Every structure is written in C-alpha cells, then in structure tokens.
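Note that the structure is predicted; figures quoted are calculated from it, not measured. Below, read A as the first sequence line, B as the second, and so on, with proteins coming before strands; counting in each chain starts at 1.
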Protein chains: 2
Amino acid sequence: MARPARPHPRDLTQSWPDTPSTSAVGEVARLFSLNLRAAIGERSLRAAATACELSHVTLASILDGRAWPDLETIAKLEHGLQTRLWPTA
Amino acid sequence: MARPARPHPRDLTQSWPDTPSTSAVGEVARLFSLNLRAAIGERSLRAAATACELSHVTLASILDGRAWPDLETIAKLEHGLQTRLWPTA
C-alpha cells in the first residue's frame, strides 16, 4: 500500500534553499542543507558521498530538498565530512 | 519488495542505551536517545509526544533504539521539547 504523500523539505519554502521557511521543521531542513552544501565545498558530490559512505543520489536529494535524511544518514554525513551539520539555531 | 534489513540502533551496542557503541553512527543514536530521555524528564510519553505532534509509539521506538528518526521527527522533538537533542560530541 502506498504511503500517504508528505511534503518534501523543498515544498516548505517558496524558493529552496534561499528563502526561509515559515515551518519550524522546514527551516531546520533548509539550514541543514545549506550547512551540508558549505561542508562539501569544492569537492564533487561523488567524492563527498564516498567519504560519507552514501550514494551521490542520496546526497543530491538532500541538497535538493527532496528527501528527509534519517539519523543514520545525518550522522554519516557529519562523520564523513568531519563537521557539525545539524543547525544550532 | 521488502527492504533489506538493517540493524536497529539498539543492535549497535551490547546494552542499549547504557553501553557506548563502537559504531560512530550507533553512538550518535545512543546519545540522542539519552538526550531525549533527559528532555522528557518526568513527563509521560504521551504528554511529551503530544507536545511534539508525534505518536507515543514513535517516541517509544526511538527511546528503545528500534527506529532511526528522520530529520522531520528530530526537528519536531527539539521544537516540541524546546531543547537541543542532537549530540554535540
């Protein structure tokens, strides 16, 4: 049975990832993706994904606001990129 | 098609939630659950879950290490309990 649809992070702002979300949860997702983008820096998506033991498809979907990463994925990203990504606001 | 099984957070330590995990990701999950338990404090699971707009079943599964909460759930928990839960180690 299909799951009921839920909005993607990108659906919770008028312009992903530039415009702040009026949803508290959407704003956490947006700030997380910006932190992730900054942490990747000049690396390719593939190189960053490999460092995190994730697929580049997963990484791209998070950056694009098309997925809600779970705790395992978030922890892999912080561990692989050696930086805090969870928003502190 | 069924997804391949993956270990639950509780499977990544010898004694959940007391014994540190040798897995970096498992340790984040363990510390998160301890932070969550502390933030709930004397409240009932149901009262805490209501404050977070989550089900008490979801809350119990996270505390028991039987689920990987996603970013939406983590953000709802921090927002509802008005505290940081993501481990800072």
>> Can you tell me if B/Gln14 has over 12 outside heavy atoms packed within less than 6.0 Å of its CD?
In response: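 No - once you tally the heavy atoms of other residues, nucleotides and ligands closer than 6.0 Å, there are 12 at most.
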> Is it the case that more than 12 heavy atoms not belonging to B/Arg46 sit under 6.0 Å from its CZ atom?
Replying inline: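 Result for CZ/B/Arg46: open.
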> Do the non-hydrogen side-chain atoms of B/Ile74 and A/Val28 ever get within less than 4.5 Å of each other?
Replying inline: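 Not in contact.
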Tell me whether [X] shares a hydrophobic cluster with [Y], the cluster being built from Ile, Leu, Val, Met, Phe, Trp, Tyr side chains joined at under 4.5 Å.
X: A/Leu45; Y: A/Leu54; result: yes
X: B/Leu77; Y: A/Leu12; result: yes
X: B/Trp16; Y: B/Ile40; result: no

> Where on A/Ala24 is there a heavy atom nearer than 4.5 Å to chain B: the side chain, the backbone, both, or neither?
Replying inline: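 Contact with chain B involves the side chain of A/Ala24 alone.
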> Which answer fits A/Glu27, side chain, backbone, both or neither, if we ask what part of it has an atom under 4.5 Å from a heavy atom of chain B?
Replying inline: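 Interface part for A/Glu27: neither.
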>> Using only non-hydrogen atoms and a strict under-4.5 angstrom cutoff, which residues of residues 56-70 of chain A touch chain B?
In response: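 So the qualifying residues are A/Trp68, A/Pro69, A/Asp70.
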> What is the minimum heavy-atom distance between A/Val25 and B/Leu71, and which atoms define it?
Replying inline: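 Smallest heavy-atom distance, with atoms named: O-CD2, 4.4 Å.
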